[in-house]
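What follows is one structure encoded as C-alpha cells, with my remarks underneath.
Below, chains carry the letters A, B, ... as their sequence lines are ordered, and counting in each starts from 1.
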2 protein chains.
Amino acid sequence: MPSSGQTQAAGVLEGVGVRPTSQRVVVLTELMGERNDVTAQQLHERLRSRGEQLGLATVYRTLGLLAEAGVIDSLSHRPGELCYRWCGEGHHHHLVCSSCHQVVELAECELGSWLERISEAHGFVTTGHRLEVSGLCGDCR
Amino acid sequence: MPSSGQTQAAGVLEGVGVRPTSQRVVVLTELMGERNDVTAQQLHERLRSRGEQLGLATVYRTLGLLAEAGVIDSLSHRPGELCYRWCGEGHHHHLVCSSCHQVVELAECELGSWLERISEAHGFVTTGHRLEVSGLCGDCR
DNA sequence: TTTAGTGCAAAAGTTTTGCATGGTC
DNA sequence: GACCATGCAAAACTTTTGCACTAAA
C-alpha cells in the first residue's frame, strides 16, 4: 500500500501531465520529504541504498522533467553540480546556512509589488523570481 | 599601451590582492565590458578568436579566483554549465529576459532591512543575498 | 633566486544518449 | 499492438589537476 507521501506525489505528477510511474513517484516523494538541496547523484545513491531499484539515468530524466514542469527548482552552488529542491506549495524563498547548508523556508514573499513596479519601469513583464539568502544559522555562528 | 578598460581591470585585481597578470587582465576586461552571463568556454573561445593567447585552464583558474574574491558572480541556469558575470560597483540585482537573455541592472536594492528582520527571526545572520528576476523584455513581448 | 602563474594534456566528474527490454494504456 | 519509460553502457562535456616551463618580484 502506498504511503500518503507517495499518493501525494502521484497526484502532483498527474497534475502536470507527467505519467506517475513508480520510479518517478519514488523520486518526487523523496524530494518532497527533503527540505534541503540534493544533487541527482545523492538522490540516486540514497534511494539505492534504501533498496529502491532505479537507474541513474532515470533520476536525471525525472529531475529534468520535474524542473521543466516547474514542480521542482534547480540551482547550482558549485561548478559541475546542479542541485534540486521541491518548491512546496505557493511562492516563497530560502535562507541557506553557508556552513551546514541547513535551509529555512521563508513563509511569505513581500517582493511582488516592488518587483512589478520596478520591472515595468524597464519595460519588462516578470514571469518569476528567485531570492537566495546566505548566512550563518544559530548553531554555526 | 593599455586601454582604459585594461587599466581599470588591473586596478580591481590589485584591489583584491590578486596579481594582475596579462591573462587575468584580459579576462576581467572582457567580463567588465559584457553585461550578460558568459561561460568559461564562451569566454575562452571569444578571446582566442580575437587573437589572445591563453589557455582554457587559465580562464577557469582566473574565473575561480575572481568569484572567490567576490569580484564576479557565478550562477547556473542549466546543468553542467556555470555562468559568470561582472558585478559592477555596489550591491544590486538583475532582470533577465527569458527569451533573449538581455540583462538589466536594477540600481537599488531595497531588500536589506526586510531581510535582516526576517533572518533574525530565524536565528540567522545574513552574509549576502542574490535576487534573480526573470521575465520578458519589451522587445520580446 | 625564489615564488607564483601558465599551458598542455591527462584525469575526474557529471550529465546525456542509444538501444534493447519491459511496462502501460 | 503502439507507445512510453527504464536500465545499462557508452559517449559527450565541463571542470580540475599534474607537471614542466616561463615570467615576475
Side-chain angles (χ1 to χ4, degrees), chain A residues 2 6 9-10 12-14 16-31 37-69 71-85, chain B residues 2 6 9-10 12-14 16-30 37-69 71-72 74-85:
Chain A
Q6 286 172 332
V12 170
L13 288 169
E14 279 176 345
V16 295
V18 171
R19 191 185 297 179
T21 66
S22 71
Q23 289 92 337
R24 289 173 180 170
V25 169
V26 165
V27 167
L28 182 52
T29 302
E30 180 67 23
L31 276 170
D37 294 7
V38 196
T39 67
Q41 308 267 355
Q42 290 171 338
L43 205 50
H44 178 242
E45 193 168 352
R46 194 185 298 183
L47 293 172
R48 285 300 277 254
S49 72
R50 185 187 302 166
E52 301 287 352
Q53 295 289 119
L54 83 178
L56 181 55
T58 300
V59 174
Y60 274 106
R61 283 190 270 235
T62 301
L63 290 174
L65 270 178
L66 293 175
E68 191 148 353
V71 172
I72 62 177
D73 245 0
S74 64
L75 187 62
S76 174
H77 308 296
R78 313 176 186 196
E81 132 179 329
L82 203 55
C83 291
Y84 295 89
R85 182 207 287 150
Chain B
Q6 285 173 331
V12 170
L13 289 169
E14 279 176 344
V16 295
V18 170
R19 190 186 298 179
T21 65
S22 72
Q23 289 91 337
R24 290 173 178 169
V25 169
V26 165
V27 167
L28 182 52
T29 301
E30 180 68 23
D37 294 8
V38 196
T39 67
Q41 307 268 355
Q42 290 171 339
L43 204 49
H44 178 242
E45 193 168 351
R46 193 185 299 184
L47 293 172
R48 285 301 277 254
S49 72
R50 186 186 301 164
E52 302 288 350
Q53 295 290 118
L54 84 178
L56 180 55
T58 300
V59 174
Y60 276 105
R61 284 189 272 235
T62 301
L63 291 174
L65 269 178
L66 294 176
E68 191 147 354
V71 172
I72 62 177
S74 64
L75 186 63
S76 174
H77 309 296
R78 312 178 185 194
E81 132 177 330
L82 203 54
C83 290
Y84 296 88
R85 182 207 288 149

*Taking five pairs at each end of the helix from dT1(C)-dA25(D) to dC25(C)-dG1(D), what angle separates the two helix axes (nearest 10°)?*
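Answer for the end axes of this duplex: 30°.
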*What nucleic acid atoms does Gln53(B) come within less than 4.0 Å of, heavy atoms only: base, sugar-phosphate, or nothing?*
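Counting heavy atoms under 4.0 Å across all strands, the contact made by Gln53(B) is with sugar-phosphate only.
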*asked:* Counting the atoms with a prime plus P, OP1 and OP2 as sugar-phosphate, which does Gln41(B) contact under 4.0 Å by heavy atoms, base, sugar-phosphate, or nothing?
replied: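 Contact class for Gln41(B): base.
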Rounding to an integer number of Å, can you tell me how far [X] [atom1] sits from [N] [atom2]?
X	N	atom1	atom2	value
Arg48(B)	dT6(C)	CZ	C1'	12 Å
Leu43(A)	dT15(C)	CG	P	12 Å
Leu56(B)	dT6(C)	CG	P	13 Å

*Picking from Leu54(B), Val26(B), Thr39(B), what satisfies side chain to side chain contact (heavy atoms under 4.5 Å, CB included) with Val59(B)?*
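Result for side chain to side chain contact (heavy atoms under 4.5 Å, CB included) with Val59(B): Leu54(B).
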*Between atom CG of Leu65(A) and atom OH of Tyr60(A), what is the distance when rounded to the nearest 0.5 Å?*
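The OH atom of Tyr60(A) is 15.0 Å from CG of Leu65(A), to the nearest 0.5 Å.
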*Separation of Leu63(B) CG from Leu43(B) CG (nearest 0.5 Å)*: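 One finds 6.0 Å between CG of Leu43(B) and CG of Leu63(B).
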*Name every residue in residues 57-69 of chain B that has at least one heavy atom under 4.0 Å from any atom of DNA chain D, in order of residue number, or write none if there are no such residues.*
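Correct list: Ala57(B), Tyr60(B), Arg61(B).
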*Does atom CD of Glu52(B) have more than 12 heavy-atom neighbours from other groups under 6.0 Å away?*
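Yes, the 6.0 Å shell around CD holds more than 12 heavy atoms from other groups.
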Looking at [X] and [Y], what are the two nearest heavy atoms and their distance?
X	Y	answer
Cys83(A)	Asp37(A)	CB-CB, 3.7 Å
Arg19(A)	Arg24(A)	O-NH1, 2.9 Å
Ala40(B)	Tyr84(B)	N-CD1, 4.5 Å
Val25(A)	Ala9(A)	O-CB, 4.1 Å

*Looking at side-chain heavy atoms only, is the closest gap between Arg85(B) and Val38(B) below 4.5 Å?*
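Sidechains of Val38(B) and Arg85(B): no contact.
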*Check whether any side-chain heavy atom of Leu13(B) lies under 4.5 Å from a side-chain heavy atom of Leu66(B), and answer yes or no.*
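Sidechains of Leu66(B) and Leu13(B): in contact.
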*Is there a side-chain polar atom (N or O) of Thr21(B) under 4.0 Å from OP1 or OP2 of dT6(C)?*
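Answer is yes, contact under 4.0 Å.
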*Is there a side-chain polar atom (N or O) of Arg19(B) under 4.0 Å from OP1 or OP2 of dT3(C)?*
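No, Arg19(B) has no side-chain N/O under 4.0 Å of OP1/OP2 on dT3(C).
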*Provide the start and end nucleotides, 5' to 3', of the part of DNA chain D that has atoms under 4.0 Å from heavy atoms of chain A.*
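Result: dC4(D) to dT16(D).
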*Steps toward salt bridge (Lys or Arg N to Asp or Glu O under 4.0 Å) verdict (Glu30(B), Arg50(B))*: CA-CA 11 Å; Glu30(B) 180 68 23; Arg50(B) 186 186 301 164; 2.9 Å; yes
